[in-house]
Amino acid sequence: MRAFKIIFWTLYRIWFYILVAAPILVLFPFLVVSILKERWYPYFFKLAQIWAKCILMGMGFRCKVTFLQEPEPGKSYMFIANHTSMTDIMLMLATVRNPFVFVGKKELAKIPLFGFFYKRTSILVDRSNQKSRMAVYERAQRRLNMGLSICIFPEGGVPDESVLLDDFKDGAFRLAIEHQIPIVPITFFDNKERFSYTFFSGSPGKMRVKIHPFIETKGLPLEAKKELKDRARQIILTDLQAHH
């Protein structure tokens, strides 16, 4: 039985990477055209959503989304969620309709094919470099001025398997206050179980998502970022503890 599981998990991982690459190859000409100009980003976002949904469906994941408040079309938001899996990016793209730009670690740009588009469309940050962290704010400002939203996984990376929810970094909350955009906390309940970073794990099944009521930032000073950070983390942590 153990040998069968190891074979299944190995093939399941290989199948995942095939699914990541195949839609990119099929859509490649359209993806390349969509990144030629910044103002064409919404078209790229639509293609990225198709890519994400192909992967989730191909892996046998069934998404169930609960909206406690729904983002309005044409408005900018700061989307945040807990980070437990490689599928978090796909699930965020499949769940959120408002075109958004990821702020993420530069290491992901090294992934073949995916990295080519990731580094040209996302805001990359080298967390060990102060200059790189500051440049994020300038690039975010430009994207928000275009009417786009921002998405950050505020834990700053995927925590150890034993950690339910890591401490949040300041970046997302500072950006949200500076640009006076609502923070949208999102809970991913099942991604760690469905497809964690542990190689021999994962299975098809349900992926539940809860989009919480927005946390407003209008009129708040920068000093409020810790309070917002703690409040947002507590919302997601309470959810995870209730379903753990």
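Remember, predicted model here, so these are calculated numbers, not experimental data.
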Test side chain to side chain contact (heavy atoms under 4.5 Å, CB included) on Leu124 and Lys105 and set out the steps.
CA-CA 6 Å; Leu124 304 189; Lys105 53 189 179 183; over 6 Å; no
Could you check whether Arg194 makes a cation-pi contact with Phe61, meaning its NZ or CZ is under 6.0 Å from the centre of the six-membered ring and within 45° of the ring axis?
no
Minimum side-chain heavy-atom gap Leu240-Ile236 below 4.5 Å:
yes
Working to the nearest 0.5 angstrom, can you tell me the gap between Tyr43 OH and Leu36 CG?
13.5 Å
Say whether Ser196 and Ser201, considering side chains only, have a donor N or O and an acceptor N or O under 3.5 Å apart.
yes
Any Leu31 side-chain heavy atom under 4.5 Å of Phe116 side chain:
no
Is it true that Glu38 and Arg142 have a side-chain N and a carboxylate O under 4.0 angstrom from each other?
yes
Lys192 side chain to Glu161 main-chain N or O, any donor-acceptor pair under 3.5 Å?
yes
Of all heavy-atom pairs between Leu144 and Ser76, which one has the smallest distance, and what is that distance?
CD2-CB, 3.9 Å
Over all atoms of both residues, closest heavy-atom pair of Gln141 and His179
OE1-CE1, 2.9 Å
Single-linkage hydrophobic cluster, 4.5 Å side-chain cutoff, Val33 and Leu25 together:
no
Heavy-atom side-chain proximity of Arg208 to Thr66 below 4.5 angstrom:
no
From Lys64 NZ over to Met207 CE, what is the distance, rounded to the nearest 0.5 angstrom?
15.0 Å
Test Phe173 against every option in Lys225, Arg231, Glu227 by the side-chain contact (heavy atoms from CB on, under 4.5 Å) rule and name the one that passes.
Lys225
Could you tell me if Arg120 sits above the aromatic ring of Tyr118, with its cationic atom closer than 6.0 Å to the ring centre and no more than 45 degrees from the axis?
no
Does some side-chain heavy atom of His212 sit less than 4.5 Å from a side-chain heavy atom of Asp239?
yes
Okay, side chain of Tyr12, backbone of Met59: is any donor-acceptor separation there less than 3.5 Å?
yes
Closest non-hydrogen contact found for Ile6 with Thr10 is O-OG1, 2.8 Å
Checking side-chain polar atoms at under 3.5 Å, does Asp166 have a donor or acceptor matched by the opposite partner on His83?
no
How about Glu70: does its CD atom have over 12 heavy atoms from other parts shown lying under 6.0 Å from it?
yes
If I compare all heavy atoms of Asn98 with all of Gly74, which pair ends up nearest, and what's the gap?
ND2-N, 4.2 Å
Is any side-chain N of the basic residue among Glu178 and Arg174 closer than 4.0 Å to the acidic one's carboxylate O?
yes
What is the minimum heavy-atom distance between Gln180 and Gly219, and which atoms define it?
OE1-N, 2.5 Å
Assess the residue pair Leu93 and Phe102 against the criterion (side chain to side chain contact (heavy atoms under 4.5 Å, CB included)); give the C-alpha distance rounded to whole Å, side-chain angles, the decisive distance to 0.1 Å, and a yes or no.
CA-CA 10 Å; Leu93 285 165; Phe102 282 109; 4.1 Å; yes
If we only count heavy atoms from C-beta on, is the Ile7 to Phe4 side-chain gap below 4.5 Å?
no
Would you mind telling me which of Arg233, Lys226, Gln234 makes a side-chain hydrogen bond (donor to acceptor under 3.5 Å, both in side chains) with Asp230?
Lys226
Side chain Glu155, main chain Phe168, donor-acceptor under 3.5 Å
no
Within 45 degrees of the axis of the six-membered ring of Tyr41 and under 6.0 Å from its centre: does Arg143 put its NZ or CZ there?
yes
So, taking the atom named CD1 in Ile55 and the one named CG in Leu91, what distance separates them when rounded to the nearest 0.5 Å?
11.5 Å
Within the distance-only criterion (no hydrogens, no angle test), does the side chain of Asn82 pair as donor or acceptor with the backbone N or O of Leu165 below 3.5 angstrom?
no
In the single-linkage hydrophobic clustering (I, L, V, M, F, W, Y; side-chain heavy atoms under 4.5 Å), do Val26 and Tyr17 co-cluster?
no
Side chain to side chain contact (heavy atoms under 4.5 Å, CB included) between Phe195 and Met86, intermediate numbers included:
CA-CA 7 Å; Phe195 202 81; Met86 283 183 268; 3.7 Å; yes
Rounded distance [0.5 Å steps], CZ in Arg97 versus OG in Ser149
13.5 Å
Ignoring hydrogens and geometry, is there a side-chain-to-backbone donor-acceptor pair from Trp15 to Gly58 under 3.5 Å?
yes
Taking the side chain as every heavy atom from C-beta outward, state whether Val96 and Pro71 have any atom pair closer than 4.5 Å.
no
Hey, is CE on Met57 packed in by over 12 heavy atoms from elsewhere, all under 6.0 Å?
no
Are Leu11 and Leu56 grouped together when hydrophobic residues (ILVMFWY) are joined by side-chain heavy atoms under 4.5 angstrom apart?
no
Separation between NZ (Lys229) and CD1 (Ile183), nearest 0.5 Å, reads 11.5 Å
Let me confirm one number: the CZ-OG distance from Arg139 to Ser122, rounded to the nearest 0.5 Å.
8.5 Å
Could you tell me if the side chain of Phe200 sits less than 4.5 Å from the side chain of Arg13, heavy atoms only?
no
Is Ile14 reachable from Phe8 through a run of hydrophobic residues whose side-chain heavy atoms are each under 4.5 Å from the next?
yes
If you count heavy atoms of other groups shown closer than 6.0 angstrom to CZ of Phe30, is the number above 12?
no
Between Phe16 and the options Leu19, Val20, Ile18, the side-chain contact (heavy atoms from CB on, under 4.5 Å) test singles out Val20
Is Thr84 reaching over with its side chain to a backbone N or O of Asn191, donor-acceptor style, under 3.5 angstrom?
no
Is a side-chain N or O of Ser85 found less than 3.5 angstrom from the main chain of Thr87, in a donor-acceptor match?
yes
Considering only heavy atoms from C-beta outward, does the side chain of Ile186 approach that of Lys210 to under 4.5 Å?
no
Test side chain to side chain contact (heavy atoms under 4.5 Å, CB included) on Leu47 and Ser34; report intermediate values, then the result.
CA-CA 9 Å; Leu47 294 170; Ser34 71; 4.0 Å; yes
Val163 with Phe189, same ILVMFWY side-chain cluster at under 4.5 Å:
no
For atom CH2 of Trp40, decide whether the heavy atoms of other residues, nucleotides or ligands shown that lie under 6.0 angstrom number more than 12.
yes
For the pair Phe45 and Phe100, name the ring-plane relationship: parallel under 30°, tilted 30 to 60°, perpendicular over 60°.
perpendicular
If every non-hydrogen atom of Phe117 is compared with every non-hydrogen atom of Val32, which pair is closest and at what distance?
CE2-N, 3.9 Å
Would you call the rings of Tyr77 and Phe79 parallel, tilted or perpendicular, taking 30° and 60° as the class edges?
tilted
If you take the centroid of each ring, where Trp contributes its six-membered ring, are Phe44 and Trp51 closer together than 6.0 Å?
no
